[in-house]
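Scroll down for the structure; my scribbles are underneath it.
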Amino acid sequence: MLLTITTTHTPASDLSYLLHKHPAKAQQVELSGGIAHVFYTEVTEEKCTAALLLDIDPVGLVRKNSGPSGNDFALEQYVNDRPYVASSFMSAAIAKAFSTAMNGRCKDKPELVTVPMPFDITIAVLPVRGGEKVLQELFSPLGYTIDAERHALDPAFPSWGESRYFTVRLRNTITLQQLLSHLYILIPVCDNDKHYWVGQAEVEKLLEKGKDWLPAHPANEFITYRYLKNQKGLANQALEILMKDETIEPEETIEPVEPKIRVHDLRLQTVKDELLKTDAKRIADLGCGEGKLLRYLLPEKQFEYILGMDVSYRSIEIVKDKLKIDRMPPKQQERIQLIQGALTYRDKRLEGFDAAVLVEVIEHLDPPRLSALEKVVFQYAKPKTVIITTPNAEYNVKFANFEEGQMRHADHRFEWTRSEFATWGNKVAEENAYTVIYKPLGEEDPETGALSQMAIFTSNTGINAER
Ligand code: SAH
């Protein structure tokens, strides 16, 4: 199994510094299950090609995995494609042979690490479940040009169908570290198999190697699921961390300093009333948390379909539990859907709603991420009505023992005054063709205003997103 990496960056020999492998020596790296050979097939100032050749020992593999296996296809141990294709073995080889480069280090020429270079990669045999479409979906969002040639199956056996093996050529101008991290994760994703048990350690590898590019990748869920061998628990755990702006740990949240009157209930009641005033039938509760608003919405017949979304997998599990979804009659079950997702990435599942609600959510996002949320909600999902609530910072002086600049929750990234909220809301409305009005949430103090504030946006185009 062969992987070649070619660059025409000048001087092309820089590649050998980055790979931390001497151009004149062939080197061997031992792996569990085989040996990886690293050598160069071409080293000039104009062009340099490094090759990683994997020599997997099929017999050794079987020995290593011997013992009670529970494998119902006993021959699979001897008759399989593993020695001949790029798979998670290749990822293991990349990680071991090129660990310095993968970690973004270069002792002799550290300045090279961040330099994007033109790369031309060939993978001699790559099994791709899902074929060229999957290759495109995985690699093109990362900027690759892809040439894939499907291997021919034996024409004598047409019933074997199409081969899932491809010779793949990838071209891109990126840093070597990016390139290696993409290959490391996406090769086994193409293959959709792993030669070892997938557990917690794999989640960490995925987060570590994918942190700079996976959150924004449109196929991030697909990649995560396949990488973690479709284990839902692990995949959700990884997605939650990947897609969170910053880890939001409910445990870290300090006790709310809001007065103990049931202010939150009042907020939710008000939001529900506002929704009832519109003719909205399909409602999305974005950042639904533990589902308090959903409880208010469910009894209202006007709301034919209700979606709850939160970035926190745990919250979604809590909602399911609290609302006892699986014990609802089927008709009710069809009315409500709970999904995990991040408001900072475009999500088709958010399209086609009459109204979207974000109750005390925006202040949990770092200001630079807020513009991503604006796009997701107002440009892509674009429901007719959007209701957003957020604390009113002016009211904080009324809390006892409240220090200047302190916020109501440890996880709040900002708390706005009424005019700050209006400045933001007016900008968002103008940019996206909505009209906005503001209302206090809670009893209004003449000086400070109310505890929380609410903006109600109505689309000027009047029509909801195409169904
Ligand atoms: N709306 C709920 C919860 C508010 S707390 C209520 O009123 O009770 C804020 C919620 O926003 C948390 O559940 C948090 O997980 C969620 N959240 C924070 N950032 C998010 C993001 N980028 N995408 C989706 N949800 C997010």
Side-chain angles (χ1 to χ4, degrees), residues 214-216 220-221 236-237 239-258 262-275 283-298 306-323 336-347 349-350 353 355-378 380-381 386-392 407-416 441-442 451-455:
L214 194 49
N220 52 20
E221 265 185 52
N236 283 327
Q237 205 185 333
L239 282 168
E240 175 168 351
I241 299 171
L242 273 174
M243 292 163 83
K244 232 177 223 181
D245 308 300
E246 242 151 69
T247 332
I248 301 164
E249 288 300 340
E251 289 79 18
E252 284 171 19
T253 307
I254 52 170
E255 269 301 294
V257 264
E258 289 179 359
R262 293 159 59 85
V263 275
H264 198 55
D265 288 286
L266 179 113
R267 249 184 230 139
L268 300 172
Q269 183 71 46
T270 314
V271 168
K272 184 187 89 173
D273 291 343
E274 288 296 337
L275 283 171
I283 317 287
D285 181 9
L286 307 177
C288 64
E290 299 183 359
K292 294 191 187 114
L293 180 66
L294 297 172
R295 263 171 201 276
Y296 278 82
L297 301 183
L298 270 170
I306 302 167
L307 174 84
M309 174 175 119
D310 204 284
V311 76
S312 159
Y313 179 61
R314 231 180 73 206
S315 293
I316 294 292
E317 293 291 293
I318 292 173
V319 184
K320 284 187 183 155
D321 197 47
K322 278 197 179 161
L323 297 182
I336 179 154
Q337 203 195 352
L338 297 166
I339 59 171
Q340 182 194 25
L343 276 163
T344 39
Y345 298 100
R346 182 177 191 170
D347 193 332
R349 298 173 299 179
L350 304 184
F353 284 89
V357 189
L358 293 90
V359 177
E360 312 288 294
V361 173
I362 57 169
E363 64 276 8
H364 291 266
L365 276 91
D366 284 320
R369 313 289 292 153
L370 201 56
S371 59
L373 175 141
E374 291 163 31
K375 272 207 183 116
V376 169
V377 175
F378 291 91
Y380 299 137
V386 181
I387 299 182
I388 297 183
T389 83
T390 194
N392 166 21
M407 289 192 226
R408 297 184 195 177
H409 291 263
D411 188 52
H412 284 182
R413 308 303 159 89
F414 58 84
E415 282 172 2
W416 279 337
L441 274 176
L451 185 67
S452 267
Q453 39 187 347
M454 170 167 64

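In each ligand, atom 1 is the first atom listed, and ligand 1 is the first ligand listed.
Between L286 atom CG and L373 atom CG the span is 8.0 Å, to the nearest 0.5 Å. Between the CD1 atom in I336 and the CD1 atom in I283 there is a gap of 11.5 Å [rounded to 0.5 Å]. With rounding to the nearest 0.5 Å, the separation of CD1 in I387 from NZ in K272 is 13.0 Å. Note that CZ of F414 is 4.5 Å distant from CD1 of I362, once rounded to the nearest 0.5 Å.
For R408 and E363, the salt-bridge test fails: no basic side-chain N is under 4.0 Å from an acidic carboxylate O.
The ligand atoms of ligand 1 that sit less than 4.0 angstrom from a heavy atom of E360 are 4 (C), 5 (S), 9 (C). Proximity to L343 (heavy-atom distance under 4.0 Å) selects the following atoms of ligand 1: 21 (C), 22 (N), 23 (N), 24 (C). Less than 4.0 angstrom separates some heavy atom of A342 from each of these atoms of ligand 1: 23 (N). Residue contact check: G341 has heavy atoms under 4.0 Å from atoms 23 (N), 24 (C) of ligand 1.
Only one option out of V359, T389, N392 pairs with M454 in a side chain to side chain contact (heavy atoms under 4.5 Å, CB included); it is T389.
When the heavy atoms of D310, L373, V361, L268 are ranked by distance to atom 16 (C) of ligand 1, first place goes to D310.
Proximity of G291 to ligand 1 is not established, as no heavy-atom distance is less than 4.0 Å. For L293, the heavy-atom gap to ligand 1 stays at 4.0 angstrom or more.
Below 3.5 Å of separation, one finds an N or O of G287 facing an N or O of ligand 1. In terms of polar-atom proximity, V359 is counted as a contact of ligand 1, with an N or O under 3.5 Å from an N or O of the ligand.
In this structure, the side chain to side chain donor-acceptor pair (under 3.5 Å) partners of E415, at least two apart in sequence or on a different chain, are N396, H412.
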